[in-house]
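Here the structure is laid out as structure tokens; the discussion comes afterwards.
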Amino acid sequence: SLGFKLVLCLTVFNIIFTSSCSTIYGIDESQVDKIISSKIEHAGSTPEIDTISGTLRLWTSHLETLNPLVSNQLQFSRISRLVYESLVVIDENQHPKLQLAGEITRKQNNTVYEIKINENVMFHNGALLSSEDIAYSVNYIREPDNNSVYRYLLGNLEEIIIKDSNIIHFVLKSPDPFFEHRLTFPILLKDTLESKNTVTFPGTGPYEIKNYTETNGFDLEIFNYHRNVSDFKIKNIRVSIIDNTKTAFGAFADDKIDLI
């Protein structure tokens, strides 16, 4: 029913796709299925969304780029949290929680952060995550010509040093007690960032982008090699291109999308 969809829409929008710290990218994306499943369980009626085998229908406005380090499109930024991961995410208590980082050690009076990344993390194209991908993502963000929306997070970073394939050092200009909160930008594969012809950028998240067209949008399909794939019950998500929020409300009322 429309009433159920409205409750589901507001709940997922407010709890999952937003944060009290609106400038911080990271969020624990595993909450998506938990909250949707909880709302369905207590709804008292059969919802339009089949969380086991159906397709969740979302929307975004026209995209100039699918590069999450550059795009300032609000809906895409929210959706991309299911596709891309960061070194840490921010939990419901606004505390940093390890994601791609397996261990963080502070050194030299809290001006050096040694990060050991989780091993065997796979990008959607089959490449394994390494320190080079993290360093390249960071330097891409810091390059003014790239106009990254995350550049302000790294203003206190002096340099980044690759120690080996799984260990990297962030060297700060001065101590920053909130530096771990700033490690919430998406990590991309070095090879795809280097290429001038990349259209879709593989991530390491539980969903991968498929079937993208500029006019029709794209599909998000579950990535079966994600380390926590069993946590996600929604197997397919369809993201349509819709001009604006007013049109999206109409599509929502007409049962063409499931969330605003």
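Heavy-atom basis, side chains included; hydrogens, waters and symmetry copies ignored.
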How long is the straight-line distance from CG of Leu56 back to CG of Leu259, given to the nearest 0.5 Å? 5.0 Å

Gap separating the OG atom of Ser240 from the CG atom of Leu58, nearest 0.5 angstrom: 8.5 Å

Test side-chain contact (heavy atoms from CB on, under 4.5 Å), reference Leu188, set Tyr136, Phe201, Tyr140, output is Phe201

His181 side chain to Val88 main-chain N or O, any donor-acceptor pair under 3.5 Å? no

Assess the side chains of Glu85 and His226: does a donor N or O sit below 3.5 Å from an acceptor N or O? yes

Side-chain touch Phe123/Thr192, heavy atoms, less than 4.5 angstrom: no

Intermediate values then yes/no, side chain to side chain contact (heavy atoms under 4.5 Å, CB included), Asp254 and Ile257: CA-CA 8 Å; Asp254 292 339; Ile257 59 175; over 6 Å; no

Taking C-beta and beyond as the side chain, do Ile222 and Tyr207 meet within less than 4.5 Å on heavy atoms? yes

Flag side-chain contact, heavy atom, 4.5 Å: Thr245 against Trp59: yes

Less than 4.5 Å apart, side chain to side chain, heavy atoms only: is that true for Phe218 and Leu63? yes

Do Val112 and Ile161 share a hydrophobic cluster (ILVMFWY, side-chain heavy atoms under 4.5 Å, transitive)? yes

Heavy-atom pair of closest approach, residues Leu82 and Pro206: O-CD, 3.1 Å

Tightest non-hydrogen contact, residues Pro96 and Glu180, listed as CG-OE1, 4.0 Å

Just do the side chain to side chain contact (heavy atoms under 4.5 Å, CB included) check on Phe223 and Val83 with the steps written out, would you? CA-CA 9 Å; Phe223 181 53; Val83 180; over 6 Å; no

Under 3.5 Å: donor-acceptor pair, side chain of Lys196, backbone of Leu193: no

Ignoring hydrogens and angles, tell me if any N or O in the side chain of Ser71 forms a donor-acceptor pair with the backbone of Asn67 under 3.5 Å. no

In this structure, CZ of Phe252 is separated from CZ of Arg57 (nearest 0.5 Å) by 10.0 Å

For the residue pair Ala251 and Ile242, what are the closest heavy atoms and their distance? CB-CD1, 4.0 Å

Indicate yes or no for a side-chain donor-acceptor contact from Lys173 to the backbone of Gly155 under 3.5 Å, with no hydrogens or angles considered. yes

Describe, in one word, how the ring planes of Tyr150 and Phe185 are oriented to each other, choosing from parallel (under 30°), tilted (30 to 60°) and perpendicular (over 60°). tilted

Side-chain touch Gln99/Thr184, heavy atoms, less than 4.5 angstrom: no

Enclosure of Glu132 CD (heavy-atom neighbours >12, cutoff 6.0 Å): no

For the hydrophobic clusters of this structure (ILVMFWY residues joined by side-chain heavy atoms under 4.5 Å, transitively), does one cluster hold both Ile168 and Val171? no

Determine the sole option in Asn211, Asp258, Asp219 for which the side-chain hydrogen bond (donor to acceptor under 3.5 Å, both in side chains) test with Arg238 is passed. Asp219

Same cluster or not: Tyr84 versus Val229, using hydrophobic residues (I, L, V, M, F, W, Y) connected whenever any side-chain heavy atoms lie under 4.5 Å apart? yes

Ignoring hydrogens and geometry, is there a side-chain-to-backbone donor-acceptor pair from Ser131 to Ile167 under 3.5 Å? yes

Considering only heavy atoms from C-beta outward, does the side chain of Ile187 approach that of Ile134 to under 4.5 Å? yes

If you round to the nearest 0.5 Å, how far is OG1 of Thr111 from CZ of Arg106? 11.5 Å

Using 30° and 60° as the class boundaries, would you call the ring planes of Tyr113 and Phe179 parallel, tilted or perpendicular? tilted

Backbone N or O of Ala127 within a donor-acceptor pair of the Asn125 side chain at under 3.5 Å? yes

Enter the distance from Arg142:CZ to Arg151:CZ here, rounded to the nearest 0.5 Å. 9.0 Å

Atom pair CE (Met122) and CG (Leu189), whose distance is rounded to the nearest 0.5 Å: 12.0 Å

Give a yes or no on whether the backbone of Leu69 and the side-chain of Ser148 come within a donor-acceptor separation of less than 3.5 Å. yes

A side-chain contact here means heavy atoms from C-beta on lying under 4.5 Å apart; do Asn110 and Leu172 qualify? no

Only one of Val138, Leu87, Leu153, Leu98 passes side-chain contact (heavy atoms from CB on, under 4.5 Å) with Leu183; say which it is. Leu87

CG/Asn244: more than 12 non-hydrogen atoms of other groups inside 6.0 Å: yes

Would you mind checking if Lys190 and Asp133 are paired as a salt bridge, meaning a charged N to carboxylate O distance below 4.0 Å? no

Closest approach of Ile241 to Glu214 (non-hydrogen atoms, all atoms of both residues): CG1-O, 3.7 Å

Under 3.5 Å donor-acceptor, Arg182 side chain and Tyr152 backbone: no

Worked verdict on Ser174 versus Asn156 for side chain to side chain donor-acceptor pair (under 3.5 Å): CA-CA 7 Å; Ser174 60; Asn156 190 36; 3.3 Å; yes

Are Val199 and Val70 connected in the hydrophobic side-chain network, where two residues link if heavy atoms are under 4.5 Å apart? yes

Determine whether Tyr212 and Val239 make a side-chain contact, defined as any pair of heavy atoms from C-beta on separated by less than 4.5 Å. no

